[in-house]
Amino acid sequence: MSFKDLGLSQALLNAIERKGYETPSPIQEKCIPVVLEGKDVLASAQTGTGKTAGFALPLLQQLAQRPQKHNRPVRALILTPTRELAAQVLEDVNDFGKAVDMRAAVIFGGVSQVPQVKAIRNGVDVLVATPGRLLDLIDQRLLSLSNVEILVLDEADRMLDMGFLRDIKRVLALLPERRQNLLFSATFSKDIKKLAQSFLHNPVMVEATPENTTVEKIEQRTIRVDKAKKTELTIKLIAEGKWQQVLIFTRTKHGANRLAEKLDKAKISSAAIHGNKTQNARTKALAGFKNGNVRVLVATDIAARGLDIPLLPHVVNYELPNIPEDYVHRIGRTGRAGASGEAISLVGGDEVDYVKAIEKLLGEKLSRDIIPGFEPLDPETAPEKKQQGQRPPRKPNPSGNPRNKNAGGSANRNGGGGGNKNKWRGRR
Ligand code: ADP
Ligand code: MG
């Protein structure tokens, strides 16, 4: 299957080529023709499977083919849970949209609304937004959604996790009745199904699990080490492994700051990314990480949601999450788009129970290593009760994570890189 077979215009095919995509990902193959037909879509696919182009390409083609008003009201609305994700979706939409003369803009909170309002006034065909700022501008009567023809909810499960259900409902009520709806979600909880039923019309179900599921391509190991030695060990791993790009997770914002500072002192250029950082600082940190100026990005779970960091080779859990599903989301940052990756978890004496919970969710045992010179002395205790996370605990997803469906045994320790010729590759 090639992009040519999916019904896309020559202008978009050229843009796809410029972007360096050679073959469509499975979700793109399934999604693009259906969206082009104008149908509602309910799509389930993991992070890193190429959903953005899956909806952006056919959406742009549809808009380009239809008559356009000269004042360019918003005709497609893409809602995303986080600012970073919104910015990334905009980048993709712009890369493709320019080819068909479609204008896009992004709005999210935490920065001045002035340039955003100005962009809308100048006319935008596609608006990418987080729910809060969107409703804010609507309440100020600076934006109308009465011309929206296509609605996309990207990472709908994340939006619900982050408490956006009410905002989503408010937005839905502001849209014209007649429109096309696309809903993307990595998981299908009861709440997502309920939401989907509430506004999708006869949706086509699209599902795509990459042939090699993400987890299978990730080499996972845990290292038991005392809390007090974690920083030193992290520095050693980065230096000896000559890692050039590593994403490190901590449980708290404060912890992220502290670790980034210590790594910087050890001459490993680092930046922290979390909810207390200004939008500018976050964007700058992510850009620096992507262009190689920042070697280590230290992040909290929320900050890392949906971040598109292509072909990330190393993820370190400096602290384990108390919610096992978060572990899966974290390590999903590596081994994207067909590349293999390595996820290392540093396990303190009071985190052993977290490993057990994660193993239960994965349905497999993780390797447990001890590094010479870092032999643990701390006793193994129950996790501290203190709530250190930065969001209220959520109920674990009873259906488990579909990404782990095929995980099992030692089969997934081969590090990937198999000879599957059909595998689509991420940009480098
Ligand atoms: P998702 O939204 O499913 O998490 P993205 O749309 O962000 O995934 O895509 C993940 C990465 O793969 C991005 O870097 C994107 O540019 C790249 N990508 C998407 N589609 C293709 C393709 N057909 N060929 C190569 N790379 C692709
Ligand atoms: Mg996405």
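Atoms within each ligand, like the ligands themselves, are counted from 1 in listed order. FYI, the numbering just counts along the sequence from 1.
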Find all atoms of ligand 1 within a distance of less than 4.0 Å from any non-hydrogen atom belonging to [X], and give their numbers and elements.
X	value
T52	2 (O), 5 (P), 6 (O), 7 (O)
T23	22 (C), 23 (N), 24 (N)
T49	1 (P), 3 (O), 8 (O)

Practice task
Applying ring-ring contact (aromatic ring centres under 6.0 Å, His included), name anything that partners Y327, two or more places apart in sequence or on another chain.
Solution key: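 Applying ring-ring contact (aromatic ring centres under 6.0 Å, His included) to Y327 gives none.
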Between ligand 1 and [X], is the shortest N or O to N or O distance under 3.5 Å?
X	value
G50	yes
Y21	yes
E22	no
Q28	yes

Exercise for the section: Report yes or no: does N181 contribute a side-chain atom to a donor-acceptor pair with the main-chain N or O of D40 at less than 3.5 Å? Expected result: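 Between the backbone of D40 and the side chain of N181 there is no qualifying donor-acceptor contact (under 3.5 Å).
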Handout entry: F55, portion touching ligand 1 at heavy-atom distance under 4.0 Å
Key =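 None of F55 does.
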Practice task
Answer with side chain, backbone, both or neither: which part of Q88 has a heavy atom less than 4.0 angstrom from an atom of ligand 1?
Solution key: neither
Kindly list each side-chain donor-acceptor pair under 3.5 angstrom involving residues 106-116, sequence neighbours excluded, with atom names and distances?
from, atom 1, to, atom 2, distance (Å)
S112, OG, V114, N, 3.0
Q113, OE1, Q140, NE2, 2.9
Q113, NE2, Q140, OE1, 3.0
Q116, OE1, R133, NH1, 3.1
Q116, NE2, F108, O, 3.1

Handout entry: Close approach of F3 to ligand 1, heavy atoms, under 4.0 angstrom
Key =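 It does, in that a heavy atom of F3 comes within the 4.0 Å cut-off of ligand 1.
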Any salt bridge linking [X] with [Y]? Criterion: basic side-chain nitrogen under 4.0 Å from a carboxylate oxygen.
X	Y	value
D161	R158	yes
E351	K230	yes
E149	R75	yes

Problem - Within the 6.0 Å centroid threshold, strictly below: F184 and F55 - result: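 Aromatic pair counts; centres sit under 6.0 Å.
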